[in-house]
Structures are given as structure tokens and as C-alpha cells.
Novice: 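Below is a structure I'd like to ask you about.
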Amino acid sequence: MTEEQEVFIKHLRGQGLKRTAQRDLILEVFLGTEGHVTGEDLYRLVRKQDASVGQTTVYRTLKLLTDSGLAREARFGDGRAHYEHNYKHEHHDHMICSACGKVIEFYSPELEAIQDKMAAKHRFELTSHLLRMIGVCSACHRQQERKINRKGLREKKHIKRPALRAPARGPQQ
């Protein structure tokens with residue numbers, strides 16, 4: 001039995017809940033994912049292994065995983081909750097591309113120090129924090145620049161230039 005399974009079983013007992021094969025499967029599938037997964041994503045992955053697992057069971061189990069400390073919920077501005085591994089995983093923050101949805105994880109000791117300094121300045125006891133930075137990733141930025149450049153070229157081709165006229169001649173002698 002893995003340490004994560006032990007944590008989950010202990011949490012279930014503490015909540016007065018039973019360990020079930022479906023919950024075990026959901027835990028196993030979740031632990032087998034990398035990165036960020038939505039409830040819908042996890043539901044699809046679980047259904048590939050056991051079509052009898054219901055969507056409600058997946059969502060309730062995700063809540064149990066989060067409450068037990070095995071999962072962490074993150075929101076990236078798309079209206080959906082995303083989940084990632086939390087147990088014995090290093091803290092990190094997120095940069096989210098508003099164009100394609102790409103999520104870049106990063107850790108910055110400098111930002112952590114600033115947060116601690118601000119908390120101390122305001123006599124605020126930090127218990128956790130989430131930092132989301134929204135912007136445009138380099139790939140989308142390049143794509144946007146190419147579109148702008150192509151649009152500029154098209155506009156240059158369509159610019160109407162004044163017709164060149166021959167200079168007016170005076171009366172012929």
C-alpha cells in the first residue's frame with residue numbers, strides 16, 4: 001500500500017466513510033495523472049477502466065482527495081476547477097495563457113520572500129497562498145505578431161495610390 005493510499009484511507013475513516021473499490025480506482029487514476037486535471041477529465045479517465053463509476057462519485061471523491069491533502073484545487077480563470085497532486089509536492093505558482101490556456105508552473109524564492117515580508121508587515125499569519133499570473137505565452141505571442149504582420153502586408157497591398165498624371169502641357173505652338 002502506498003503512502004497516499006494510507007493517507008486517503010485514514011481520511012475516509014476520520015469522516016466515517018468506507019473504503020470502496022470505486023474510490024480506490026479514482027485515487028489510483030488521479031495519482032497516475034500528471035499536471036492539472038478537471039473533474040470531467042478524471043471522470044473520462046476512470047470510465048475507461050470502469051464504466052460503472054458515476055460522475056457524482058468522481059466529484060465527491062475529488063473533494064475527499066482535496067480534503068485529505070492529496071489533491072489541490074486550482075482555478076485558472078476558465079470557470080472550471082483543476083486538480084493537481086498536493087501530497088509531498090513542492091509548492092509552486094502558475095502562469096496561465098489567456099489565449100491557449102497553457103499553464104506554466106514555476107517557483108520563485110524572491111516572490112515567496114516578498115509574500116512573507118508583506119504578511120509580516122501587516123501582522124498576517126499566512127497559512128497558504130495561490131498566485132496566478134495571467135498573460136500570453138511566447139507561442140501565442142509569436143502567433144499574434146505573425147497575424148499582425150500578415151494583416152499589415154495585406155493592408156499595404158490594398159492601399160490606393162494616387163494615379164500618376166502626366167504634367168499638364170501648355171498650348172502647343
Novice: What's the shortest heavy-atom distance between V58 and I26, and which atoms?
Specialist: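 Heavy atoms only, the tightest pair is CA-CD1, 3.8 Å.
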
Novice: Find the distance between CD1 (I96) and CD (E105) and round it off to the nearest 0.5 Å.
Specialist: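 Going from the CD1 atom of I96 to the CD atom of E105 covers 10.5 Å.
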
Novice: What's the spacing between R44 CZ and Q55 CD if we round to 0.5 Å?
Specialist: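 The distance works out to 9.5 Å.
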
Novice: Any chain of hydrophobic side-chain contacts (each under 4.5 Å) joining L65 to V7?
Specialist: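 They do share one cluster, since a chain of ILVMFWY contacts under 4.5 Å joins L65 to V7.
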
Novice: Short question: side chain of S68, backbone of L64 - any donor-acceptor pair under 3.5 Å?
Specialist: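 Yes; judged by distance alone, with no hydrogens or angles, the pair exists.
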
Novice: Testing the basics here: between G39 and L62, what is the closest heavy-atom pair and its distance to 0.1 Å?
Specialist: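 Looks like CA-CD1, 3.6 Å.
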
Novice: Answer with yes or no whether the side chains of Q115 and H129 bring together a donor and an acceptor at under 3.5 Å.
Specialist: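 H129 vs Q115: donor-acceptor pair found between side chains.
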
Novice: Return yes when atom CZ of R13 has more than 12 non-hydrogen atoms of other residues, nucleotides or ligands closer than 6.0 Å, and no otherwise.
Specialist: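 It does not: R13 CZ has 12 such atoms or fewer within range.
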
Novice: Do M95 and V103 come close enough that some side-chain heavy atom pair is under 4.5 Å?
Specialist: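 No. Closest side-chain heavy atoms not under 4.5 Å.
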
Novice: Identify whether L130 and L111 are in the same connected component of the hydrophobic contact network (ILVMFWY, side-chain heavy atoms under 4.5 Å).
Specialist: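 They do not share one cluster, since no chain of ILVMFWY contacts under 4.5 Å joins L130 to L111.
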
Novice: Walk me through it: do F8 and T61 pass the test side-chain contact (heavy atoms from CB on, under 4.5 Å)?
Specialist: CA-CA 10 Å; F8 189 56; T61 304; 3.9 Å; yes

Novice: I'd like to know if the side chain of R23 reaches the main chain of K18, judged simply by a donor and an acceptor atom lying under 3.5 Å from each other, with no hydrogens or angles considered.
Specialist: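 Between the backbone of K18 and the side chain of R23 there is a qualifying donor-acceptor contact (under 3.5 Å).
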
Novice: What are the two closest non-hydrogen atoms of F30 and L70, and how far apart are they?
Specialist: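 Result for this residue pair: CE2-O, 3.9 Å.
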
Novice: Indicate yes or no: at least one non-hydrogen side-chain atom of D67 is less than 4.5 angstrom from one of Q15.
Specialist: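 They are not in contact (no side-chain heavy atoms under 4.5 Å apart), so the answer is no.
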
Novice: Under a 4.5 Å cut-off applied to non-hydrogen side-chain atoms, are F106 and H92 in contact?
Specialist: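 Result no, sub-4.5 Å side-chain heavy-atom pair not found.
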
Novice: To the nearest 0.5 Å, tell me how far E28 CD sits from L45 CG.
Specialist: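 Reported to 0.5 Å precision, the distance equals 12.0 Å.
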
Novice: When rounded to the nearest 0.5 angstrom, what distance separates CE in M118 from CG in D116?
Specialist: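 Here the rounded value is 10.5 Å.
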
Novice: I need the M133 CE to S98 OG distance, nearest 0.5 Å.
Specialist: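 Reported to 0.5 Å precision, the distance equals 12.5 Å.
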
Novice: Does a donor on one side chain and an acceptor on the other come within less than 3.5 Å for T20 and Q22?
Specialist: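 Their side chains do not contain a donor-acceptor pair, so the 3.5 Å distance test is not met.
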
Novice: Looking at D93 and R132, is any side-chain nitrogen of the basic one under 4.0 Å from a carboxylate oxygen of the acidic one?
Specialist: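 A salt bridge is absent here (no side-chain N lies under 4.0 Å from a carboxylate O).
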
Novice: Using a strict cut-off of less than 4.0 Å between a Lys/Arg side-chain nitrogen and an Asp/Glu carboxylate oxygen, indicate whether R75 and E73 qualify as a salt bridge.
Specialist: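 So R75 pairs with E73 through a salt bridge.
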
Novice: Could you check if a side-chain atom of L25 sits within less than 4.5 angstrom of a side-chain atom of V53, using non-hydrogen atoms only?
Specialist: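 In contact.
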
Novice: Please determine whether side chain to side chain donor-acceptor pair (under 3.5 Å) holds for the pair E4 and H85, giving the CA-CA distance in whole Å, both sets of side-chain angles, and the decisive distance to 0.1 Å.
Specialist: CA-CA 10 Å; E4 288 90 345; H85 298 189; over 6 Å; no

Novice: Would a distance-only check, ignoring hydrogens and angles, find a side-chain to backbone donor-acceptor pair under 3.5 Å from Y59 to E40?
Specialist: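 Side chain of Y59 to backbone of E40: a pair is present.
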
Novice: Does the pair E3/K88 count as a salt bridge with the N-to-O cut at 4.0 Å?
Specialist: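 Yes.
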
Novice: Determine, using ring centers only, whether F76 and H94 are less than 6.0 Å apart.
Specialist: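 Yes - the distance between ring centres of H94 and F76 falls below the 6.0 Å cut-off.
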
Novice: Hey, which of H36, E84, H82 is the one that makes side-chain hydrogen bond (donor to acceptor under 3.5 Å, both in side chains) with R72?
Specialist: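 For R72, the side-chain hydrogen bond (donor to acceptor under 3.5 Å, both in side chains) test succeeds with only one of H36, E84, H82, which is E84.
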
Novice: Please find the pair of heavy atoms, one from C137 and one from C97, that lie closest to each other, and give the distance.
Specialist: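 C137 and C97 have their closest heavy atoms at N-SG, 3.3 Å.
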
Novice: Which atom names give the shortest non-hydrogen contact between N86 and A71, and what distance separates them?
Specialist: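 Distance-wise, the nearest heavy atoms are CB-C, 3.6 Å.
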
Novice: How many angstroms lie between atom CG of L31 and atom OG1 of T2, to the nearest 0.5 angstrom?
Specialist: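 So the CG of L31 and the OG1 of T2 are separated by 6.5 Å.
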
Novice: Please answer: with hydrophobic residues joined when any side-chain heavy atoms are less than 4.5 Å apart, are I134 and V136 in the same cluster?
Specialist: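 In one cluster: no.
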
Novice: Are more than 12 heavy atoms, taken from residues, nucleotides or ligands other than H141, located less than 6.0 Å from that residue's NE2 atom?
Specialist: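 Atom NE2 in H141 is not packed in, count stays at 12 or less.
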
Novice: Just checking F124: does its CZ atom have more than 12 heavy atoms from other residues, nucleotides or ligands closer to it than 6.0 angstrom?
Specialist: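 Counting neighbours around CZ of F124, 12 or fewer heavy atoms of other residues, nucleotides or ligands fall under 6.0 Å, so no.
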
Novice: Looking at A81, is its backbone amide N or carbonyl O close enough to the side chain of T38 to form a donor-acceptor pair, meaning the two atoms are under 3.5 Å apart?
Specialist: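 It does not hold such a pair.
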
Novice: Hey, are the side chains of Q143 and R146 touching, using non-hydrogen atoms and a 4.5 Å cut-off?
Specialist: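 Q143 vs R146: side chains touch.
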
Novice: Does the Q49 side chain pair with the main chain of V46, one donor and one acceptor, at a distance under 3.5 Å?
Specialist: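 It does not hold such a pair.
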
